[in-house]
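Note that the coordinates shown come from a computational prediction; the quantities given were computed from them, not determined experimentally.
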Amino acid sequence: IIAGAFGYQQWQLTKLRGQWQGMSSKVKELEGVTQQIHQYRPWFDDSLRALTILKELTTAFPDDGRVSAKSIEIRDLSAVTCTGITRDSESMFTIWENLRHSGNVRDLHRPTTRGNKPPLQFTFDFRWSEGGRSEN
């Protein structure tokens, strides 16, 4: 009985080695792809964080065109600087208030303005702090 059990075990081991030889090249290929995924994963953000930041910033702006952004800079998907022009300072401060009440905006600095008469140029910056993944 013992010899039969060892014989059965050897037969199973031989069968499994044959299966491994058949798939070992595919496993090595998949390991290479996995290494590439781990290498490049930090470059890709599947939560669409930059688009979420832009969406939040866009919804803070009024729809009537009194304020427009000239440039938006997003560094490290967290530090945001917005520059633009406005017809009146009240509209620009409305944007600032809307962002201040957002749950994801941190360290929002008061806008700096340039110019004495419309259109006024403004700049403000903030940090984006996201609690979870985007629902987009």
Side-chain angles (χ1 to χ4, degrees):
I1 294 176
I2 294 175
F6 279 115
Y8 178 73
Q9 183 182 20
Q10 284 298 344
W11 175 75
Q12 279 193 330
L13 287 174
T14 304
K15 181 179 165 187
L16 290 173
R17 282 187 190 116
Q19 287 177 349
W20 172 250
Q21 287 176 352
M23 69 173 141
S24 65
S25 63
K26 290 181 182 180
V27 170
K28 287 180 185 178
E29 181 182 341
L30 285 173
E31 286 174 347
V33 170
T34 302
Q35 287 176 352
Q36 286 181 338
I37 289 171
H38 289 298
Q39 180 181 0
Y40 297 111
R41 179 172 283 152
W43 293 0
F44 297 98
D45 183 16
D46 61 354
S47 68
L48 304 173
R49 191 171 192 178
L51 292 177
T52 305
I53 294 169
L54 289 173
K55 178 183 175 189
E56 186 77 24
L57 190 56
T58 301
T59 56
F61 275 69
D63 292 332
D64 59 8
R66 290 179 288 164
V67 183
S68 60
K70 290 172 66 176
S71 71
I72 299 169
E73 181 181 354
I74 302 173
R75 291 178 307 280
D76 299 327
L77 294 177
S78 62
V80 181
T81 302
C82 178
T83 60
I85 56 173
T86 181
R87 293 185 194 158
D88 55 63
S89 58
E90 293 84 21
S91 299
M92 191 248 326
F93 280 109
T94 301
I95 295 170
W96 187 78
E97 282 294 321
N98 291 341
L99 289 172
R100 195 168 71 92
H101 295 296
S102 170
N104 296 323
V105 174
R106 305 280 183 260
D107 302 328
L108 178 62
H109 297 110
R110 290 190 72 80
T112 58
T113 57
R114 287 181 293 282
N116 295 328
K117 58 181 182 172
L120 303 171
Q121 295 182 7
F122 68 87
T123 302
F124 62 87
D125 58 341
F126 60 89
R127 296 199 73 61
W128 182 262
S129 172
E130 199 164 33
R133 289 195 165 226
S134 172
E135 291 135 17
N136 292 347

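Salt-bridge formation is not detected for the pair Lys26/Glu29: no Lys NZ or Arg NE/NH1/NH2 atom is positioned less than 4.0 Å from an Asp or Glu carboxylate oxygen.
Looking at heavy atoms from C-beta onward, Thr83 lies out of side-chain contact with Gln121 at the 4.5 angstrom threshold.
Nearest heavy-atom pair across Lys117 and Leu120 is O-CD2, 3.7 Å. Taking both residues in full, the closest heavy atoms of Arg100 and Leu108 are given as N-CD2, 3.5 Å, listed atom of the first, atom of the second, then distance. In terms of heavy atoms, Ile72 sits closest to Cys82 at CG1-SG, 4.2 Å. Minimum heavy-atom separation, Phe61 to Ser68: CE2-C, 4.0 Å. Across all non-hydrogen atoms, the minimal contact from Val67 to Ser91 is CG2-CB, 3.4 Å. For the residue pair Ile74 and Ala50, the shortest heavy atom distance occurs at CD1-O, 4.1 Å.
Interatomic distance, Leu54 CG to Thr58 OG1, rounded to the nearest 0.5 Å: 6.0 Å. With rounding to the nearest 0.5 Å, the separation of OG1 in Thr34 from CD in Gln36 is 9.5 Å. Put simply, OG1 on Thr94 and CG on Leu99 are 11.0 Å apart, with the number rounded to the nearest 0.5 Å. Remark: Ile85 CD1 to Met92 CE distance equals 12.5 Å, nearest 0.5 Å. To the nearest 0.5 angstrom, Asn104 atom CG is 8.5 Å from Thr52 atom OG1.
Note on ring orientation: taking the six-membered ring where Trp is involved, the planes of Phe93 and Trp96 are perpendicular (angle over 60°, cut-offs 30° and 60°).
Phe122 is connected to Phe126 through a chain of hydrophobic side-chain contacts under 4.5 Å among Ile, Leu, Val, Met, Phe, Trp and Tyr, so both are in one cluster.
Looking only at distances, no side-chain donor or acceptor of Arg66 sits under 3.5 Å from a matching main-chain atom of Asp63. With Arg49 contributing its side chain and Leu77 its backbone, the two residues share a donor-acceptor pair below 3.5 Å. Between the side chain of Asp76 and the main chain of Ser78, no donor-acceptor pair closer than 3.5 Å is present.
In terms of the side chain to side chain donor-acceptor pair (under 3.5 Å) criterion, residue partners of Asp125 (sequence neighbours excluded) are, by chain and number, His109.
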Let me have the donor-acceptor pairs involving side chains of residues 5-17, under 3.5 Å, with sequence neighbours excluded, atom names and distances please.
| from | atom 1 | to | atom 2 | distance (Å) |
| --- | --- | --- | --- | --- |
| Tyr8 | OH | Gln12 | NE2 | 2.8 |
| Thr14 | OG1 | Gln10 | O | 2.8 |

